[in-house]
Structures are given as structure tokens and as C-alpha cells.
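Counting starts at 1 for both ligands and their atoms, in listed order.
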Amino acid sequence: MSYFDSVKKIQFAGSQSKDPLSFKFYNPAEKVGDLTMEEQLRFGVAYWHTFTEDLSDPFGSGTAIRPWDKFSDPMDKAKARVEAAFEFFEKLGIPYFCFHDADIAPEGATLKETFDNQDIIVDLMEDYLKDSKVKLLWNTVNNFTHPRFVHGAATSNNAEVYAYAAAKVKKGLEVGNRLGAENYVFWGGREGYESLLNTDLKLELDNLGRFFHLAVDYAKEIGFDAQFLIEPKPMEPTTHQYDYDTAHGFAFLQKYGLEKHFKFNIEANHATLAGHTFEHELRYARINGMLGSVDANQGHPHLGWDTDEFPSDLYATTLAMVEILKNGGLGKGGLNFDAKVRRTSFEPEDLFKAHIAGMDSFAIGLKTAHRIIEDGALDQVVSKRYASFESGIGQKIVEGTTSLKELQEYALKNDQPVNQSGHLEEIRATLNQYLVTTLDSK
Ligand code: XLS
Ligand code: CA
Ligand code: CA
């Protein structure tokens, strides 16, 4: 059975193509440097936004027209979603996908029934994966939507909820292991607080640390070698999420002795919610050896919430790809489109068009970033700017061979330091030049 009859396999048609169902810049087999675009970009589909999402918002009900909605029985619908998903992956030519437990199978009357429902769908997915080149980039569990998680999961005040959440994570690790997930994600969900007035901050953080250790131990026990990822977010749904941003998350991991077991999954929209740029979060993770994977989306500059839009901002994709290339790629990670079509883009074909837009935007970002790095365009600016640390007193500071006493003597002798311009406008103009020439090249 086909769910996307009107769509044929999406092909690369070049930058002049007028066909909305074609790639203009993403050419999977094309090499950028030593590797192909496909090898470097490792795109993934987010199951929840593409197959489970109905496009409702706080002011209006769902608008999405989805061919699998003709099935009313929740298990029939869940099976149809798997069939539709694999048709979508193949037609789009996308190598990865990601899901939460709750996206793929309906909740049962008991936890046991919920697990049984999942098993049926996981069996089906396992069959599809056998005959397909598609792989599972990561899975995770939804420990935030159901009312039982009203006070959080691993940071709930209720130990019974903690146990329930742990049971779901144990199952999630087993499912990931069966399906060969390359990573396993922990996004904070409701791990945070609404108000400190009724919160035992220390106990909640300690319990979260314990929870992660339990997961690390169990993955080891079952031989699940996925990379564990923390996905920072500063707020929403709670007023303060514990994994606020990468710097918070890294401090947390180090405090609880977990930094060897985790890396970060950086989401663009979460970065901007935290008051950072996307590239800030990527850079912070990268310089600490903690960049694992990316949730590729974008927020809206006028809306202060997590709008999860498909990426189309070429400055953002370029600067993100600079970080990713400097990281030597994402290893086991990928670029997961944790993005949903707008509520007004409700037709099934919009799902393809949105992914095409995102894939083309990152292809442009990759090509531009590659040239910027090859030419040392930004590196030269930076090394020139910090040249004072390469010799003399600067070199001594960097090597740790000076003292406050010596620095004071130096400053007294070399009074009135002279600074040089940072030339930021010139650098931005150079960035524009790189972008435009990428778009010009056929
Ligand atoms: C929500 C998060 C979530 C995670 C997976 O804001 O982005 O979707 O990526 O739980
Ligand atoms: Ca995300
Ligand atoms: Ca998000």
C-alpha cells in the first residue's frame, strides 16, 4: 500500500530547478572535500513531527491531512505509520530516523500493555530495517506528556513516578539495542521546576544524576553501545529546565561523574531559547569534546517559544557546519530534523517539501563552510586577533610560566596597552561573499 502516491523518488535537479519535489543543492553522491554530502550530513526524520503530529497549537485543533488517519484503531494506525514512514524515507532518500516510545505505539491500560504494544511495532520496524538502508539515529522515551509526569520523571517528588520513568527507560534501551540505534537521547522533558518554593533542588539534581548512572549501567549490562546524549533546553515546559544549556549540562555531568558516558545533542531552537546562537552551543560542546548530534531546526525571532521550524536560515546552517566540520564531523550523530511543518502547511506533500528545504539549506551550509575552512577565512582572522599570545608575555601566560608579580612588573613597564580593531563588519561581508559565491556555483 502506498501513502504518498503523488510523490516519486526525490532527485537532485540542480540549483535552477523549478520542481518543488527536487533537491536544488543536496546531491547525496557529490563530494565536498573528501566525503560525500550524504556521508557528512547524516540527515534524520523526527517520527513525532512527521508521522504523529496533528499540527494542533494551543489555540486550534489539528489541521494535518495524513493518509494513515483513515485507520481508527490505534494499533492499526501505528502500523500504517511505520509503512508510511519507510515509504517516506525511501522516497526522500534520507538515511536516518528518530523516535520516542510514545510516537510509535499507543499507551495501553497498564505499563505491561504499553510495552506489548511497543513490541508489536518494534517487530514491524525490525523487518523494515532489515530490507532497507535506513537506520535508527536515536530513540528516546516520552516521560513528559502523560499526567503521571506532572511533577517530572527522574526529578519527580514522587518515587513511584521515578520508578515508572526508569521502567520506561529500561525498555527504551532494550528497544534501541534491538533496532541498532546509534545514539540514545535524554531530553529533559519535565526535569526542572515550576517554582523553588516547593522544590528540593539538591535532591532532584542528585536523583537525576543517579538516574543517568542507572541507565549507563544497564546499557553496559545488555551490551548496548549507543552514544548517550543529553539534549539541553532552558525552559518549556518547566520554567527552569535542569539541562539549561550545554555549559549547565557539562557542569552537571562532571559533578556526577558522567562526562565519559555522554555527549550533547544540540538543538538550534533550544540554543536560541537559552539566549545563545546555534553556533555558540555547538562550539561550546565541540571545544569540550562533547558534540554528539544535532537537532536541526530553527525558532522564530518574534516568538519566544520552541516553534521547531524547518531550517532555512543559511547563515545558521553555514556557521553550524563550520562547527561540525571543525569537530571532524558528528561521528555516530547526525542532523535530525526535529522540525514540524507550519499548521498552515497541512498537506502530505508539505512533509517532503519541508525536508527538501532543510536538506538543501544544510547542503549550502556544508559547501560554504567547507570553503571558509579550506581558505582559512575565519581562522586567519582569529589567529591574527590572538597573535599576542604566541610570543613574549602572552606565550608565558598560555604556558603557565608567569606570575602576578611578573605581570605587574610587565604592566608597569609597558603602560597603556594598544588595541586593534576587531573588524566585525568586514568579517560579516566576507561571510556574505562566501555564501553568495556558493549559491552562484553550479
Ligand atoms: C522538545 C525536544 C524533544 C527531544 C526529544 O523540545 O526537542 O523533542 O528532541 O525528546
Ligand atoms: Ca529536540
Ligand atoms: Ca524543540
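- Between Y256 and D206, the side chains place a donor N or O and an acceptor N or O closer than 3.5 Å (distance only, hydrogens not considered).
- The pair K353-E349 counts as a salt bridge, with a side-chain nitrogen and a carboxylate oxygen less than 4.0 angstrom apart.
- The name of the N, O or S atom in D308 nearest to the Ca ion (ligand 3) is OD1.
- Counted by atom type alone, T238 and Q241 present one or more donor-acceptor pairs between their side chains at under 3.5 Å.
- Considering backbone and side-chain atoms alike, T140 places every N or O at 3.5 Å or more from each N or O of ligand 1.
- Computed with the Ca ion (ligand 2) at the centre, the E231 OE2 to D295 OD2 angle is 100°, stated to 10 degrees.
- A salt bridge is absent between R342 and D308: the closest approach of a Lys/Arg side-chain nitrogen to an acidic carboxylate oxygen does not fall below 4.0 angstrom.
- At least one N/O/S atom of D338, whether from backbone or side chain, sits less than 3.0 Å from the Ca ion (ligand 2).
- Between D440 and T437, the side chains place no donor N or O within less than 3.5 Å of an acceptor N or O (distance only, hydrogens not considered).
- The atoms of ligand 1 that sit less than 4.0 Å from any heavy atom of W48 are 8 (O).
- Expressed to the nearest 10°, the angle at the Ca ion (ligand 3) joining NE2 in H270 with OD1 in D306 is 90°.
- Nearest non-hydrogen protein atom to atom 8 (O) of ligand 1 is D338 OD2, 3.3 Å.
- Atom 5 (C) of ligand 1 has H100 NE2, 3.1 Å as its closest protein atom, hydrogens excluded (heavy atom only).
- For the pair E38 and K31, the salt-bridge criterion is not met [side-chain N within less than 4.0 Å of a carboxylate O].
- Salt-bridge formation is detected for the pair D116/K112: a Lys NZ or Arg NE/NH1/NH2 atom is positioned less than 4.0 Å from an Asp or Glu carboxylate oxygen.
- Taking the Ca ion (ligand 2) as reference, the nearest N/O/S atom within E267 carries the name OE1.
- A donor-acceptor pair shorter than 3.5 Å can be found between the side chains of W48 and D338.
- Using a 4.0 Å cut-off between charged side-chain N and carboxylate O, E182 and R42 make a salt bridge.
- Ligand 1 has a nitrogen or oxygen under 3.5 angstrom from a nitrogen or oxygen of K233.
- Of all protein heavy atoms, the one lying nearest to atom 4 (C) of ligand 1 is E231 OE1, 3.3 Å.
- Of all atoms in ligand 1, numbered sequentially from 1 with element shown, those under 4.0 Å from a heavy atom of E267 are 7 (O).
- The closest approach between D306 and ligand 1 falls below 4.0 Å for a heavy atom of the residue.
- For the pair K77 and D73, the salt-bridge criterion is not met [side-chain N within less than 4.0 Å of a carboxylate O].
- Using a 4.0 Å heavy-atom cutoff, H270 is listed among the residues neighbouring ligand 1.
- The shortest N or O to N or O distance between D295 and ligand 1 is below 3.5 Å.
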